[in-house]
Amino acid sequence: MKRNKKWRNLIIGGLALLVLLGVLEYKGIIWHNAIFANAYEVKGLDVSHYQGEINWQQIKATGKYEFMFVKATEGKDYTDKRFAANWKGAREQRFLTGAYHFFTTMSTGAEQAAHFIKTVPYEPDSLPPVIDLEISLDHDQAKIHKELQVLADGMEAGYGKKPILYVTYDTYHTYIENVPAFAAYEIWIRDIVKHPTLQERGWQFWQYHNRGHVTGIDMYVDINVFKGSRDAFMRQFAASNFTNT
């Protein structure tokens, strides 16, 4: 009888622990993927108006983050209402900063490129522009390839840097994988469950956390890593005016 009670208490205690861990993970206080992400030296955030007003000085004071990607535009006419403030704030704190565009199917690649270029200042020391590809999977692939390529070409012409493609596994496998025209583009992969798996293609940035708690931001925020050492990151992206931070 005592043995049965002991086992029952152990089971109840184990279940309570699992529930507690589940709640902590749901709230982003702990994150299982951090086990894999901690292997990478360089971390950064991606932000938009969803994060509200950001205290960039407080983020800088943590010393944890090297880069910021700021949402700029979506489609041919939407501009994130916090873009200008976030771009200015991140750059003033000497974060390596880039802007991203949310690709849509409601306008042409040329229209979207024109809107992005009109919105995002040309800064030689900025990170490459990013195309966020999170559309549904039922679109005509040839049409998506065409408009995506026009958008990417427009960005590259405007900033002198080949854009990075932000993808989920679904959009990568549906629209990017095995398309020769996109083979030369770096990949930023979203995987909040495990370490990324993209076979031979590989990735450059990895979004591993979507419920991050960061000093200076009141809301959840996405956290990312760069695949490589800090030295490699600085060699690839840092301009001279960012080297003495």
Side-chain angles (χ1 to χ4, degrees), residues 27-28 43-62 64-136 144 147-148 150-152 154-159 161 163-168 171 188-190 192 205 207-224 237 242:
K27 292 182 175 294
K43 291 184 172 62
L45 310 175
D46 62 275
V47 300
S48 70
H49 70 275
Y50 290 111
Q51 277 66 52
E53 186 172 351
I54 295 173
N55 189 319
W56 291 100
Q57 289 181 317
Q58 289 185 1
I59 299 176
K60 188 68 173 182
T62 68
K64 295 180 179 180
Y65 307 103
E66 304 276 355
F67 63 88
M68 300 289 157
F69 283 108
V70 179
K71 183 175 183 179
T73 52
E74 183 172 332
K76 67 177 182 179
D77 55 11
Y78 175 83
T79 301
D80 189 277
K81 64 184 180 181
R82 294 293 305 172
F83 170 68
N86 285 337
W87 181 262
K88 181 174 182 288
R91 287 184 58 82
E92 283 182 345
Q93 293 304 312
R94 299 166 70 83
F95 289 109
L96 285 170
T97 306
Y100 72 90
H101 170 82
F102 194 94
F103 176 83
T104 73
T105 60
M106 304 300 291
S107 52
T108 67
E111 290 172 325
Q112 295 182 60
H115 180 45
F116 184 86
I117 291 169
K118 179 181 177 181
T119 304
V120 179
Y122 172 77
E123 302 286 356
D125 54 31
S126 66
L127 293 170
V130 174
I131 300 172
D132 184 338
L133 187 63
E134 294 184 87
I135 59 175
S136 62
I144 296 302
E147 301 303 340
L148 191 59
V150 170
L151 171 59
M155 285 181 165
E156 186 170 1
Y159 299 94
K161 300 171 184 178
I164 297 167
L165 303 179
Y166 173 95
V167 295
T168 65
T171 57
W188 176 6
I189 182 68
R190 181 184 192 272
I192 60 173
F205 292 96
Q207 184 187 100
Y208 72 93
H209 199 338
N210 68 338
R211 291 177 176 268
H213 293 267
V214 173
T215 301
I217 300 178
D218 293 333
M219 307 297 290
Y220 291 136
V221 64
D222 299 329
I223 307 179
N224 308 269
F237 296 118
F242 281 95

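Just so you know, these numbers come straight off a predicted model, no measurement behind them.
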With ring pair (Phe, Tyr, Trp, His ring centres under 6.0 Å) as the rule and sequence neighbours excluded, what pairs involving residues 97-130 come up? Phe116-Tyr159

Heavy-atom closest pair (Ala72 atom, Val120 atom, distance to 0.1 Å) is CB-CG2, 3.5 Å

Is the Phe69 ring parallel, tilted or perpendicular to the Trp188 ring (thresholds 30°, 60°)? tilted

Backbone of Glu92 reached by a side-chain donor or acceptor of Lys60 within 3.5 Å: no

Side-chain contact, heavy-atom cut-off 4.5 Å: Trp56 with Asn86? yes

Would a 4.5 Å heavy-atom cut-off, applied to side chains only, mark Glu134 and Tyr166 as touching? yes

Supply the atom-to-atom distance Thr215 OG1 to Gln57 CD, rounded to the nearest 0.5 angstrom. 13.5 Å

Here the pair of heavy atoms bringing His209 nearest to Ile192 is N-CG2, 4.1 Å

I need the Leu45 CG to Ile54 CD1 distance, nearest 0.5 Å. 8.0 Å

Do other residues, nucleotides or ligands put more than 12 heavy atoms under 6.0 Å from Glu53 CD? no

Taking all non-hydrogen atoms of both residues, which atom of Trp87 and which atom of Pro121 are closest, and how far apart? NE1-CG, 3.7 Å

Least distance between heavy atoms, Gly158 atom then Ile117 atom: CA-CD1, 4.2 Å

Just wondering, more than 12 heavy atoms not from Lys76 lying within 6.0 Å of its NZ? no

Give a yes or no on whether the backbone of Thr104 and the side-chain of Gln112 come within a donor-acceptor separation of less than 3.5 Å. yes

Between Gln93 and Ile59, is any pair of side-chain heavy atoms under 4.5 Å apart? no

Taking Gln51 for its side chain and Ser48 for its backbone only, find out whether a donor-acceptor pair lies under 3.5 Å. yes

Which one of Asn210, Val167, Asp132, Asn224 satisfies the side-chain contact (heavy atoms from CB on, under 4.5 Å) criterion with Arg190? Asn210

Please tell me if the side chains of Glu66 and Phe237 come closer than 4.5 Å, counting only heavy atoms from C-beta onward. no

In this structure, NZ of Lys118 is separated from OG1 of Thr73 (nearest 0.5 Å) by 12.0 Å

If you compare all heavy atoms of Phe83 against all heavy atoms of Ala99, which two are closest, and at what distance to 0.1 Å? CE1-CB, 4.0 Å

State, to 0.1 Å, how close Pro163 and Met155 come at their nearest heavy-atom pair, and which atoms those are. CG-CB, 3.7 Å

With heavy-atom distances below 4.5 Å as the criterion, would you say the side chains of Tyr208 and Lys43 are in contact? yes

Is there a donor-acceptor pair under 3.5 Å between the side chain of Glu74 and the backbone N or O of Thr79? no

Gap between atom OH of Tyr78 and atom OG of Ser107 - 0.5 Å precision: 14.5 Å

Atom pair CG/CG of Leu165 and Leu133 - distance to nearest 0.5 Å: 7.5 Å

What distance do Thr168 atom OG1 and Ile189 atom CD1 have between them, rounded to the nearest 0.5 Å? 6.5 Å

